Peer 1: 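Please find one structure pasted underneath; my questions will follow.
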There are 2 protein chains.
Amino acid sequence: MNGLLRPARRTTLADDVYESVRALVMDHAVAPGERINIDALARRLEVSPTPVREALARLEADGLVRKRPLAGYTAAPLLTRAEFDELVEMRLILETASAHRVAERFSGRRDATGSDSDSGSGDRAAAGNGDGAGADPPGSADVLAQLRREAELPDQVPGTEGFAAIAAFTAQDARFHHLLAERSGNRMLHAAVVRLRAHLHLFRLHFPTAHYGTSAREHLRIVDAIGTGDPDAAGSAMRAHLLAAADRHLPFFEGS
Amino acid sequence: MNGLLRPARRTTLADDVYESVRALVMDHAVAPGERINIDALARRLEVSPTPVREALARLEADGLVRKRPLAGYTAAPLLTRAEFDELVEMRLILETASAHRVAERFSGRRDATGSDSDSGSGDRAAAGNGDGAGADPPGSADVLAQLRREAELPDQVPGTEGFAAIAAFTAQDARFHHLLAERSGNRMLHAAVVRLRAHLHLFRLHFPTAHYGTSAREHLRIVDAIGTGDPDAAGSAMRAHLLAAADRHLPFFEGS
DNA sequence: CGATCGAAGATCCTATAGGGAAAACGTCCG
DNA sequence: CGGACGTTTTCCCTATAGGATCTTCGATCG
């Protein structure tokens with residue numbers, strides 16, 4: 001029995017290790033700030049240290065682990081108050097633009113075909129040389145439907161409580177935001193949003209909190225704004241959602 | 001004689017290799033799309049393949065090299081038209097916000113102390129646990145002076161022509177934009193701007209172009225807007241600059 | 001009692017060797 | 001003459017061993 005899942009070796013070992021370690025850090029299987037022993041990790045995953053080292057290097061670029069020269073790797077420490085504020089500001093910048101762009105594209109496609117100055121950019125981007133698999137770009141019609149479906153998804157997954165409920169909520173929230181970013185048609189924007197998300201997830205897992213109804217309501221408001229084809233309204237709705245969400249997390253910083 | 005410069009081994013070998021390979025790709029010492037042989041690279045740098053592999057993994061996360069499973073690494077291909085448009089849009093999102101934020105901080109500090117709703121965020125972020133060395137946060141007074149100095153720097157460096165002139169122009173332009181992003185007080189924003197910059201540099205080097213006077217004038221206009229403490233004006237000036245710069249690069253896509 | 005210095009332990013970092021998969025080439029067939 | 005197949009070659013990927021470095025613990029001195 002192997003420590004990590006090898007589908008069919010369609011990927012390289014280092015990639016699997018990367019996913020495994022990522023999951024380990026994301027689920028706090030290793031505490032924030034804790035040292036990560038390369039050899040021990042390799043033994044645990046039943047691979048040699050080399051691919052582990054490679055995976056760790058990639059994770060460092062993602063900001064999930066830190067490396068001190070000649071002292072080894074450590075799991076990313078918890079966000080400080082200042083870093084949390086930066087994260088919120090960054091999300092405001094990125095995701096407001098994301099919502100804005102989706103509304104723009106939706107309205108443009110609905111009315112006729114690209115009528116804005118730099119039209120074609122987004123469309124060609126979405127249809128560009130994708131990653132090969134699973135990239136099915138549906139018509140603009142069901143973009144809205146898909147977003148609404150993610151926003152409306154059962155807030156309280158039946159049969160889940162406590163930790164599991166938190167995880168389910170987090171996963172749903174992530175799906176919505178990622179989908180929105182993806183539908184902006186800008187792959188770089190999408191990637192940036194996903195990268196930021198990891199840090200927020202880390203933080204939220206440490207201070208378990210979930211506001212099912214409230215969050216879902218705010219999500220729907222964003223979708224509605226997109227549906228009306230008003231980019232500014234969509235951006236404002238997203239901004240309000242992010243600020244509200246930040247406020248909901250704020251109490252956990254009182255101690256510091 | 002070693003293939004790469006080892007300062008005093010204050011860093012790890014893999015870090016040096018990372019910088020070397022990064023420079024190789026950035027200067028087009030390896031052509032875009034060209035395959036990168038790990039063993040050959042290791043011999044050229046006179047190190048073992050292991051640190052090379054580690055450096056390549058980090059570079060892949062930065063988007064400077066691509067990895068096909070079981071097929072090796074290749075240098076990042078040149079930007080397609082769609083990707084170029086995405087890059088421009090991304091810069092608009094990030095750097096407009098950057099200019100906006102700098103103007104905000106400047107006016108806030110000059111008038112009195114933070115008067116906006118979420119004040120303190122930026123300041124505390126800038127004063128957070130920095131990377132230790134070289135992070136000297138000067139008073140708000142010389143922030144403007146420093147920006148102006150970078151913008152005013154001799155456009156045409158004496159004694160440089162052709163390729164060298166392009167490189168000098170690019171370096172100056174990069175310094176200005178990076179400095180601005182850094183002074184936004186948001187380290188994540190700064191990092192994102194720097195990451196994007198690498199791709200633009202790659203593109204520009206392949207289609208050598210430089211508009212010394214024009215670019216410098218636009219930079220100064222941004223600095224002036226910041227000086228007046230008007231965030232929206234600063235954002236607009238940055239937006240105009242980026243769009244104009246994009247238009248200057250556009251002719252190179254006629255062939256595609 | 002606290003701080004500094006020294007030595008042992010653990011760990012990281014680098015180098016080398018071998019197995020296996022994919023791509024490229026030449027050859028054969030239609 | 002073009003396409004498909006088999007073989008060869010190249011290259012990536014993984015595993016193991018040894019040297020250098022940092023951290024930690026204990027003892028000693030102020």
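Note that the coordinates shown come from a computational prediction; the quantities given were computed from them, not determined experimentally.
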Peer 1: Please determine which of A/R91, A/H177, A/H201 meets the side-chain contact (heavy atoms from CB on, under 4.5 Å) test together with A/L196.
Peer 2: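 When side-chain contact (heavy atoms from CB on, under 4.5 Å) is applied between A/L196 and each of A/R91, A/H177, A/H201, only A/R91 qualifies.
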Peer 1: Quickly work out the B/L13 CG to D/dT21 C1' distance and round it to whole Å.
Peer 2: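 Between C1' of D/dT21 and CG of B/L13: 13 Å.
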Peer 1: Choose from D/dC13, D/dA15, C/dT14 the nucleotide whose nearest atom is closest to any side-chain atom of B/A14.
Peer 2: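 Among the listed nucleotides, the one closest to the side chain of B/A14 is C/dT14.
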Peer 1: What is the distance, rounded to the nearest whole Å, between atom CG of A/D39 and atom P of D/dT14?
Peer 2: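 Interatomic distance, CG of A/D39 to P of D/dT14: 17 Å.
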Peer 1: Go through D/dC11, D/dA15, C/dT14 for me and flag the one nearest to the B/N37 side chain.
Peer 2: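 Nearest nucleotide to the side chain: D/dC11.
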Peer 1: Does B/I36 reach a base, just sugar-phosphate, or nothing at all? Heavy atoms under 4.0 Å.
Peer 2: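 Touches sugar-phosphate only.
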Peer 1: Search all heavy atoms of B/P49 against all heavy atoms of B/I38 and return the closest pair with its distance.
Peer 2: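 The answer is CB-CG2, 4.0 Å.
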Peer 1: Rounded to the Å, how far apart are B/L45 CG and C/dC13 P?
Peer 2: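 Computing the B/L45:CG to C/dC13:P distance gives 18 Å.
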Peer 1: In this structure, how many angstroms lie between the C1' atom of C/dA22 and the OH atom of B/Y73, rounded?
Peer 2: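 Checked: the OH to C1' distance equals 16 Å.
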Peer 1: A/A71 has a side chain; which of C/dA15, D/dT23, D/dT14 sits nearest to it?
Peer 2: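 Per side-chain heavy atoms of A/A71, the pick is D/dT23.
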Peer 1: Using 30° and 60° as the class boundaries, would you call the ring planes of A/F84 and A/F253 parallel, tilted or perpendicular?
Peer 2: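 Judged by the thresholds at 30° and 60°, the geometry between A/F84 and A/F253 is tilted.
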Peer 1: Quick one: on DNA chain D, does A/R68 or B/R68 contact a more 5' nucleotide (nearest heavy atom)?
Peer 2: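 On the 5' side of the pair lies B/R68.
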Peer 1: Check the distance between C/dC13's P and A/E60's CD and give it to me in whole angstrom.
Peer 2: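 Checked: the CD to P distance equals 10 Å.
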Peer 1: Nearest whole angstrom, please: distance from the C1' of C/dC13 to the CG of A/L56.
Peer 2: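 Nearest whole value for this atom pair: 14 Å.
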Peer 1: Can you figure out which of D/dT16, D/dC13, C/dT14 approaches the side chain of B/T50 most closely?
Peer 2: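 That would be C/dT14.
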Peer 1: Between D/dT14, C/dC12, D/dT23, which one does the side chain of A/I38 approach most closely?
Peer 2: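 Per side-chain heavy atoms of A/I38, the pick is C/dC12.
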Peer 1: Can you tell me how far P of C/dT11 sits from CD of A/E34, to the nearest Å?
Peer 2: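 Result: 13 Å.
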Peer 1: Side chain of A/P51 only, please: which of D/dT14, D/dT16, C/dT16 is the nearest?
Peer 2: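 Shortest atom-to-atom distance from the side chain points to D/dT14.
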Peer 1: Figure out the CD/P separation between A/E46 and D/dT16, and round it to whole Å.
Peer 2: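 Spelled out: CD on A/E46 to P on D/dT16 is 12 Å.
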Peer 1: Examine distances only and state if a side-chain atom of A/H190 and a backbone atom of A/G185 form a donor-acceptor pair shorter than 3.5 Å.
Peer 2: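 Absent.
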Peer 1: Without swapping roles, check the side chain of A/S20 against the backbone of A/D16 for a donor-acceptor pair under 3.5 Å.
Peer 2: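 Answer holds: yes.
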Peer 1: Distance check: side-chain N/O of A/R53 vs OP1/OP2 of C/dC13, anything under 4.0 Å?
Peer 2: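 Checking C/dC13 against A/R53, a side-chain N or O does come within under 4.0 Å of OP1 or OP2.
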Peer 1: Between D/dT14 and A/S48, is there an OP1 or OP2 to side-chain N/O distance shorter than 4.0 Å?
Peer 2: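 Checking D/dT14 against A/S48, no side-chain N or O comes under 4.0 Å of OP1 or OP2.
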